[in-house]
Amino acid sequence: MNNQHRLGMDLDGLLGGELFSIGSPLLTPAPGNTGITGLPVAVSDPAGLTAADYRLEVDAGNNYLLTNLDDGTVTNLGAVPAGPGSVPVVIDGLTIDLAPGAAVGDRFLLQPTRGMASSISLTVTDPRKLAAASPVAVSSGVGNTGSAELAGLQVIDSSDAAFTTTSGALTPPLLIQFTGAGSFDLFDNSNPAAPVLLEGGNVYAAGAELFPTAGGLDYGYRLQLTGTPVAGDSFQVDYNLAGTGDNQNLLAMVEQQNQGLLSAGSNSYQESYQQLVGSIGARTSSGEINLEAVGFMLEQSQSRQLAVAGVNLDEEAAKLLEFQQAYQAAAQTISAADTLFQSLLEVI
């Protein structure tokens, strides 16, 4: 979504930026580290991420070793840099900047995906900053008499010099001038009164992409025309200054819900989310059933235990009454003996 958003243009005529922000992978240093306490780690390719945690450590040979804690795979990332700068290494969808200054025995727990979903947040909060429009606009010449028309337009690299040389402008704006039904010339149309030829004699085929040209001209977008032009027909390619009413890039963002971006290209993110919810629901239901079954087993075990060694309250109450009566009888015997003993003493 971020990549596609960057290919669009907002209502202020500016290229789109990040639509969502996401946290960094968790890197926890060991308490006994003596060299460094951290180093930069970033997600460079989400498709390459695994669900594993890793141990990153410096071995006796002063090399950074990365151990996959799921399968035990150990990868030597390289020696600790002498400095002053760090050395980036790409592995499993991550870019790890190997920092200088690490000491032998330094260790880190790297958890690339833990808590990542909860760290996602929306960056664009102003509707005007939503890059819904395409930054490229194509218009046909007023005097065109052929049947050629725009069939497709797709921006693939908004970091190309065509977009970044001058903010809010296309460098250069182009004029596509047909010299016949199957050929066209390409002009720099910065000065519409005097276009400058960039490349002539390009072959035209209906529906085929015009860029990159045979001479290697490429401006970070793809353009297709269909139909049959005639000599003199033309098309202008300019920066889309009037972005209102244009939702090409927004449609491309919405279309991602139907693309196989996950599960090795077999599932869209919407399908993967549905599977995740279904899996959690099934596991929750199974857990509840197991809990209920274990509860019944606990009740049965308690009943059996009480049947053998339990306390019957009615029986205990009866025994208490029996003990009370015996105590009272013993007290009467003692009282009678005391009376008899006193009487004997008086006689003597």
*Between the side chains of Asn240 and Asp246, is a donor N or O closer than 3.5 angstrom to an acceptor N or O?*
yes

_Please list all pairs meeting side chain to side chain donor-acceptor pair (under 3.5 Å) that have one or both residues in residues 166-175, counting only residues at least two apart or in different chains._
none

_Heavy-atom check, side chain of Leu210 versus side chain of Asn202, under 4.5 Å_ = no

*Please walk me through it: do Leu174 and Phe235 pass side-chain contact (heavy atoms from CB on, under 4.5 Å)?*
CA-CA 8 Å; Leu174 299 178; Phe235 289 83; over 6 Å; no

*Are any side-chain N or O atoms of Ser335 and backbone N or O atoms of Ala331, one a donor and one an acceptor, separated by less than 3.5 Å?*
no

_Pairwise distance CG(Asn3) to CE(Met253) - rounded to 0.5 angstrom_ = 11.0 Å

*Mark yes or no for whether Ser119, through its side chain, and Met116, through its backbone, hold a donor-acceptor pair below 3.5 Å.*
yes

*From Gln275 CD over to Gln270 CD, what is the distance, rounded to the nearest 0.5 angstrom?*
11.5 Å

*If we only count heavy atoms from C-beta on, is the Thr50 to Thr113 side-chain gap below 4.5 Å?*
no

*Beyond-backbone contact of Ser134 with Leu153, side-chain heavy atoms, under 4.5 angstrom*: yes

*Heavy-atom count around Glu292 CD within 6.0 Å, excluding the residue itself: above 12?*
no

*In the single-linkage hydrophobic clustering (I, L, V, M, F, W, Y; side-chain heavy atoms under 4.5 Å), do Val43 and Phe20 co-cluster?*
yes

_For a quick check under 3.5 Å, do Tyr219 and Asp157 share a side-chain donor-acceptor pair by atom type?_
no

*Work out which heavy atom in Asp233 is nearest to a heavy atom in Gly146; give both atom names and the distance.*
OD2-N, 2.9 Å

_Within the supplied structure, the quantity of interest is the number of heavy atoms (other residues, nucleotides, ligands) at a distance under 6.0 Å from Arg107 CZ; does it exceed 12?_
no

*asked:* My understanding is that only residues two or more places apart in sequence, or in another chain, count here; which of them pass side chain to side chain donor-acceptor pair (under 3.5 Å) with Asp188?
replied: Ser190

*asked:* Between Arg128 and Asp12, does any side-chain N to carboxylate O distance fall below 4.0 Å?
replied: yes

*Under 3.5 Å: donor-acceptor pair, side chain of Asp92, backbone of Leu49*: no

*Can any side-chain N or O of Glu57 pair as donor or acceptor with the backbone N or O of Leu65 at less than 3.5 Å?*
no

*Student check: side-chain heavy atoms of Leu98 and Ser86 closer than 4.5 Å*: no

*Can you measure from CE (Met297) to CG (Asn290) and round to the nearest 0.5 angstrom?*
11.0 Å

_Run the side-chain contact (heavy atoms from CB on, under 4.5 Å) test on Asp10 and Leu130 for me, step by step, so that the C-alpha distance in whole Å, both residues' side-chain angles and the decisive distance to 0.1 Å come before the verdict._
CA-CA 5 Å; Asp10 63 22; Leu130 184 63; over 6 Å; no

*Do you see a donor-acceptor pair shorter than 3.5 Å between the side chains of Asp185 and Gln177?*
no

*Starting at OG of Ser303, measure out to CG of Leu298 and round the result to the nearest 0.5 Å.*
9.0 Å

*For the hydrophobic clusters of this structure (ILVMFWY residues joined by side-chain heavy atoms under 4.5 Å, transitively), does one cluster hold both Ile176 and Tyr239?*
yes

*Between CG of Leu291 and OG1 of Thr284, what distance do you get to the nearest 0.5 Å?*
12.0 Å

*Can you see which heavy atom on Leu223 is nearest to which on Leu150, and at what distance?*
CD1-CD1, 3.2 Å

*Any chance you could lay out the side chain to side chain donor-acceptor pair (under 3.5 Å) test for Glu18 and Thr123, step after step, and finish with the verdict?*
CA-CA 7 Å; Glu18 298 287 310; Thr123 301; over 6 Å; no

*Consider only side-chain N and O atoms of Ser268 and Gln259, and report whether a donor and an acceptor are under 3.5 Å apart.*
no

_Can a donor-acceptor pair be found, under 3.5 Å and without considering hydrogens, that links the side chain of Gln4 to the backbone of Met1?_
no

*Backbone of Leu251 reached by a side-chain donor or acceptor of Asn247 within 3.5 Å*: no

*What heavy-atom pair brings Tyr204 and Pro229 nearest, and what distance separates the two atoms?*
CE2-CD, 3.4 Å

_Within one Ile-Leu-Val-Met-Phe-Trp-Tyr cluster: Leu14 and Tyr221, side-chain cutoff 4.5 Å_ = no

*asked:* Once side chain to side chain donor-acceptor pair (under 3.5 Å) is applied, what residue pairs with a partner in residues 19-34 remain, sequence neighbours excluded?
replied: Ser21-Ser121

*Could you grab the distance from atom OH of Tyr64 to atom CG of Leu39, nearest 0.5 Å is fine?*
5.5 Å

_Looking at every heavy atom in both Pro100 and Pro84, which two are closest together, and how far apart are they?_
CG-O, 3.6 Å

*Is there a side-chain contact between Leu94 and Asp45, using heavy atoms and a 4.5 Å cut-off?*
no

*Determine whether Phe211 and Leu186 make a side-chain contact, defined as any pair of heavy atoms from C-beta on separated by less than 4.5 Å.*
yes

_Any donor-acceptor pair under 3.5 Å from Thr165 side chain to Ala161 backbone_ = yes

*Do Asp218 and Arg222 come within less than 4.5 Å of each other through their side chains, counting heavy atoms only?*
yes

*Check whether any side-chain N or O of Thr226 sits under 3.5 Å from a backbone N or O of Glu149 as a donor-acceptor pair, and report yes or no.*
no

*Decide whether Leu69 and Leu56 are clustered together by the hydrophobic rule: side chain heavy atoms of Ile, Leu, Val, Met, Phe, Trp, Tyr closer than 4.5 Å, transitively.*
no

_In this structure, would Phe184 and Leu225 fall into the same cluster of hydrophobic residues linked by side-chain contacts under 4.5 Å?_
yes

*Can you check side-chain contact (heavy atoms from CB on, under 4.5 Å) on Val136 and Val237, steps first, answer last?*
CA-CA 7 Å; Val136 179; Val237 183; 3.6 Å; yes

*Give the minimum heavy-atom separation between Pro88 and Thr95, together with the two atoms involved.*
CB-CG2, 4.1 Å

*asked:* Quick one: does any side-chain atom of Thr75 pair with a main-chain N or O of Leu77 as donor and acceptor, under 3.5 Å?
replied: no

_Using only atom types and a distance under 3.5 Å, with no angle test, would you say the side chain of Asp160 pairs donor to acceptor with the backbone of Phe163?_
no

*Are Val74 and Leu66 side-chain neighbours, meaning at least one heavy-atom pair lies under 4.5 Å?*
no

*What are the two closest non-hydrogen atoms of Thr164 and Ser158, and how far apart are they?*
CG2-O, 3.7 Å

*Run the side-chain contact (heavy atoms from CB on, under 4.5 Å) check on Thr67 and Thr73 step by step: do they pass?*
CA-CA 6 Å; Thr67 303; Thr73 302; over 6 Å; no

